[in-house]
Each structure stands twice: as structure tokens, then as C-alpha cells.
Amino acid sequence: MQVGKPILYSYFRSSCSWRVRIALALKNMDYEMITINLTKDGGQQFSEEFQALNPMKQVPALKIDGITIGQSLAIIEYLEETRPTPRLLPQDPKKRAHVRMISHLLASGIQPLQNLSVLKQVGQENQLTWAQRAISSGFNALEQILQGTAGKYCVGDEVSMADLCLAPQVANADRFKVDLTPYPTISRINKVTAGLEAFQVSHPCRQPDTPPELRA
């Protein structure tokens with residue numbers, strides 16, 4: 001099935017790219033990375049070459065098995081279906097539904113609202129307040145949901161796609177100075193996943209395109 005190494009188009013600070021990097025690390029996959037700088041040269045994602053690869057002009061994109069996939073959750077689900085070990089979606093249908101619900105809450109209900117492209121539209125002076133409001137609103141709902149689904153991780157005691165979405169969003173919350181005190185379950189799960197090697201090696205502070213001043 002595999003034709004050469006998979007190629008991940010990524011940006012160090014992209015939370016969507018980070019989700020996929022965690023999945024690739026958890027599944028112990030060897031891949032090549034091509035970095036797409038979202039701020040340099042007016043945004044390298046707008047180049048004709050990259051637009052031909054991903055018409056949405058977004059990272060991540062993954063070339064794998066002779067196809068190119070955009071959208072982080074679609075990529076993770078494809079990896080899950082073709083390389084199912086270790087699994088990132090529970091076998092139990094109800095738990096699997098919870099994982100997908102939480103993943104989409106984070107990936108669709110919070111992250112796009114505080115994304116770079118949206119923040120550019122709201123104006124420099126409004127960006128911090130806008131992002132804080134978007135994240136806090138989503139976290140208020142998520143904290144309540146997790147109180148019914150969480151074990152050690154977001155859903156029970158196995159790392160799942162939901163945890164891959166949570167860690168980058170908590171990092172964004174930190175970056176936008178969101179007070180995490182009202183979200184003890186979110187904070188606890190994030191602390192546990194932060195200790196896992198796959199989350200550490202995929203962290204924005206340890207990528208090939210991380211600026212020297214942001215490296216860990």
C-alpha cells in the first residue's frame with residue numbers, strides 16, 4: 001500500500017498539524033516533513049504549488065498511500081483505519097461517539113474561531129479578547145462533557161483522538177492567556193498527556209521550523 005515515506009506538510013505552531021504529528025508518533029510511523037510557514041512571504045500556504053496540493057490552503061496535508069489528505073481529523077481517521085495499532089478510537093460505539101464529539105467540539109467549535117485567518121479579520125486590538133472568549137465558551141461546555149466521559153484521558157483510560165485535539169487547544173489557551181482555573185478536568189488530562197513521549201516529540205517547541213527563541 002505504502003509508496004515511499006508519507007509526507008506531512010506542517011507548521012510548528014499549527015494546532016491542526018500538531019494533532020497529526022501526535023498520531024504519527026503514537027503509531028510509530030516514519031515520515032518526511034515539509035514545513036509551510038503560515039506567516040512568511042505573505043503565507044506560504046497561498047503559493048500556487050501548495051494550493052495545487054491542498055485547495056483549502058491550510059496545513060496539515062498528508063501525502064500517503066498514493067493520495068493526499070487535508071483536514072486533521074480526516075487524516076487521523078485514515079491512519080486509524082489503515083494502521084489501527086495503537087487504536088485512537090475505542091472499540092465501544094458509545095465511547096467512539098464520545099471521542100468524535102469531543103474531537104469535533106475542539107476542532108470545529110473552538111479552534112477555527114481563534115485561528116490566524118479569523119484573528120486577522122477581527123483587528124489587532126480585538127484579537128486577544130476575541131480568542132479568549134471563543135476558547136472560554138468552548139471550554140465551559142467541554143469541561144462539563146468531560147466530567148461524564150473522562151477517566152485518565154478524555155474518554156476512559158486510553159489515549160484517543162480527543163486527547164490529540166485537546167493538547168494543542170490547551171496550548172492555544174495558554175498562549176492567549178486564558179485562565180484555566182475553572183477547567184480542572186481539562187487541566188488534569190492535559191498534564192497527563194504532556195508526560196507522554198508522543199506528545200512531547202510532536203510539541204511546537206521541538207519542530208524543525210521552530211524559531212530558536214521558542215525552542216525548548
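Given the structure is predicted, the values throughout are model-derived calculations rather than measurements. Residue numbers run from 1 in the order of the sequence given.
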Here the pair of heavy atoms bringing Ser72 nearest to Arg19 is OG-NH1, 2.8 Å
Which heavy atom of Lys63 sits nearest a heavy atom of Thr68, and at what distance? CG-OG1, 3.3 Å
Is it true that Asp163 and Lys152 make a salt bridge, defined as a side-chain N closer than 4.0 Å to a carboxylate O? no
What are the two closest non-hydrogen atoms of Ile76 and Ala23, and how far apart are they? CG1-CB, 4.1 Å
Test side-chain contact (heavy atoms from CB on, under 4.5 Å) applied to Gln71 and Gln58, step by step: CA-CA 8 Å; Gln71 300 298 324; Gln58 295 173 337; 3.4 Å; yes
Under 30°, 30 to 60°, or over 60°: which ring-plane class applies to Tyr183 and Phe139, parallel, tilted or perpendicular? perpendicular
Note: Glu158-Arg87 ion pair, threshold 4.0 Å (strictly below): yes
Which heavy atom in Thr149 sits nearest to a heavy atom in Cys154, and how many Å separate them? OG1-O, 2.8 Å
For the CD atom on Gln147, are there more than 12 heavy atoms of other groups (residues, nucleotides or ligands in this structure) within a distance under 6.0 Å? yes
Is it possible for you to say whether Val201 and Leu24 belong to one hydrophobic cluster, with membership spreading through side-chain heavy-atom contacts below 4.5 Å? no
Main chain of Phe12, side chain of Arg21: is a donor-acceptor contact present, judged purely on distance under 3.5 Å? yes
Please tell me whether Asn37 and Thr35 have a donor and an acceptor in their side chains that are separated by less than 3.5 angstrom. no
Any donor and acceptor pair, going by atom type alone, linking the side chain of Asn190 with main-chain N or O of Ile186 inside 3.5 Å? no
Which pair of heavy atoms, one from Phe46 and one from Gln51, lies closest together, and at what distance? O-OE1, 4.1 Å
Identify the two heavy atoms, one from Cys165 and one from Pro168, that lie closest to each other, and give their separation to 0.1 Å. O-CD, 3.5 Å
